[in-house]
2 protein chains.
Amino acid sequence: MASTADRRPAVARPGLTRERIVEAAAAVADREGLHGVSMRRVGRELGVEAMSLYHHVAGKDALLDALGDWLMVQVERPSADAGWRVGIRARCVSLRAVMREHPWGPAIVESRRAPGMALLGHLESVLDCLHRGGFPVQLAAHAFSVLDAYVYGFVLTEQSLPFEPGGDVDDLAAEMALPADVFPRMAAFVEQVIVGRSYDYGDEFAYGLDLVLDGLDARLAAASPDSR
Amino acid sequence: MASTADRRPAVARPGLTRERIVEAAAAVADREGLHGVSMRRVGRELGVEAMSLYHHVAGKDALLDALGDWLMVQVERPSADAGWRVGIRARCVSLRAVMREHPWGPAIVESRRAPGMALLGHLESVLDCLHRGGFPVQLAAHAFSVLDAYVYGFVLTEQSLPFEPGGDVDDLAAEMALPADVFPRMAAFVEQVIVGRSYDYGDEFAYGLDLVLDGLDARLAAASPDSR
DNA sequence: ACCTGAACACCGTTCAAGT
DNA sequence: ACCTGAACACCGTTCAAGT
């Protein structure tokens, strides 16, 4: 059918680049988990030997660093022309959305130590938004800490839930069959907020985020009593 | 010196048990990171071949599950005779302390899906504390979600910080040398809250925790307007 | 019952060799 | 300059064999 030497995909290989390698790694991670991202596996994804990757990427660690950056560029930055609360809220929602789409996100954030350029740029835009909103530097530091802890932590707990986002929660509740005499409060919880209520844990995200934003609002007002 | 066949540690090996295996795994994780926990490595830690472990533990996954449980039993449960806020605050502080002592904690929480008995028991005690404090079930669910997200997230971000808890932050600030024209807000941040101020990121934990607790307090008061 | 050695199919990385 | 094959020191896990 094709010419004789044509054992690779018909599309002419555009040549290996760092970018293509990172994208292939992300694809593998999406499909098989971070666990599945190996130099050999990523190489195979690109129709290339693992060793070829080393010409564009220093090693596996550098590849994972790049993967973290690849993730952060996708997070929406707070727009310059909205109030701090709207801007920050949108970026938190976006951060969570990106992490939800790529469940290996939190793990990679945790394992990386050196912040890449994408992450630094992102931090800058968040700090800038808070600054424009009237946050003194000290309070901005507090705000940044609580907000990021909350968002990352939510994604983390969300992922370690024993049920799938869209899955049938009732089944699980029956399956776990918590003995009501040993775990009375958990049994009550399952019965009253889960079974038959089409409980979506994802809804908790907005509740907690608004709670944190309310708290920051109050601290901001206390810090600058003159503003209206 | 010793008898001829004595090539193992002089202390009579107490025989392999599941408990000893888990403890050895924790020791390896503390010393070399979760990355270093391999069946072979844990076996060596115990002076035993890796394959022997399989007689007490189903496989590496089961070992990691057990490691997660081993962690959770160390977390202080809210005492029955204090107010919800005191009890919950203490358990959050304890949870963070445990995770700080074992930096592989969050990673293991994230990677495990099935909650072990220790985790279930812990959850029960937290829900019970909230219940005694007058939280309606729905609000308790919210509270649980925000609190755990915050604590885990804080530990996570704390660990991915580019500086060590006790390390000299000033050095890092100089080393990163953020160009003030590209990252003006971050430069201001470094200058005003870090350099020469012996900044300890760990202090942010209490600030955010109290902010969240304040928020829950307000929600609780709104939900039950009759109580004092 | 508990432990082991050899084996299998994987890893990341180096290095000399090809084009 | 870019890609490769063989090699090295590792993985988790199976299985037949030892005691």
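Please read all numbers here as calculations on a predicted model, not as lab measurements. Below, chain A is the first sequence line, B the second, and so on; all start at residue 1. In what follows, every heavy atom counts, from backbone to side chain, and hydrogens, waters and symmetry copies are set aside.
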Query raised in the report: Using purine N1 to pyrimidine N3 plus N6-O4 or O6-N4 for Watson-Crick, or N1-O2 and O6-N3 for G-U wobble, each under 3.5 Å, what pairs with C:dT13?
Result: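 For C:dT13, the partner nucleotide comes out as D:dA7, under the 3.5 Å rule.
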**Report entry** Base-pairing assignment for C:dT19 (Watson-Crick or G-U wobble, both under 3.5 Å)
**Finding:**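 Check on C:dT19: paired to D:dA1, both distances under 3.5 Å.
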Query raised in the report: Between the side-chain atoms of A:H55 and the base atoms of D:dC3, is any donor-acceptor pair under 3.5 Å?
Result: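 By the distance-only test, yes, there is a pair.
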Between [N] atom [atom2] and [X] atom [atom1], what is the distance in whole Å?
| X | N | atom1 | atom2 | result |
| --- | --- | --- | --- | --- |
| A:L64 | C:dG12 | CG | C1' | 12 Å |
| A:L53 | C:dC11 | CG | C1' | 14 Å |
| A:R41 | D:dC11 | CZ | C1' | 18 Å |
| B:H35 | D:dC10 | NE2 | P | 12 Å |
| B:K60 | D:dC10 | NZ | C1' | 12 Å |

Query raised in the report: Of all the nucleotides listed (C:dG12, D:dT4, D:dT13), which has the minimum atom distance to the side chain of A:E49?
Result: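 Among C:dG12, D:dT4, D:dT13, the one nearest the side chain of A:E49 is D:dT4.
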Query - Closest listed nucleotide, where the reference is the side chain of B:M51 and the choices are D:dC11, C:dT13, C:dT4 - result: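 Closest nucleotide among those given: C:dT4.
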With a 4.0 Å cutoff (strictly under), does any side-chain N or O of [X] reach OP1 or OP2 of [N]?
| X | N | value |
| --- | --- | --- |
| A:S52 | D:dC2 | no |
| B:H56 | C:dA1 | no |
| B:S38 | D:dG12 | yes |
| B:Y54 | D:dT13 | yes |

Query raised in the report: What do you reckon, are the aromatic ring centroids of A:Y150 and A:F205 less than 6.0 Å apart?
Result: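 Here the rings of A:F205 and A:Y150 have centres that are less than 6.0 Å from each other.
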Query raised in the report: Please walk me through it: do A:Y54 and A:E49 pass side-chain hydrogen bond (donor to acceptor under 3.5 Å, both in side chains)?
Result: CA-CA 10 Å; A:Y54 284 85; A:E49 298 298 316; over 6 Å; no
Report task. Anything under 30° is parallel, anything over 60° is perpendicular, the rest tilted; go ahead and classify A:H142 against B:Y207. Result ->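 Parallel, since the angle between the ring planes stays under 30°.
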**Report entry** Cationic tip of A:R96 above A:F154 ring, under 6.0 Å, 45° of axis
**Finding:**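 No; the conditions do not both hold, so A:R96 does not lie above the ring face of A:F154.
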Query - A:E45/A:R20 ion pair, N-O < 4.0 Å - result: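 Result for this pair is no, no salt bridge flagged.
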**Report entry** Residue mapping more 5' on DNA chain D - nearest nucleotide basis, A:R40 or A:A50
**Finding:**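 Nearest nucleotide further toward 5': that of A:A50.
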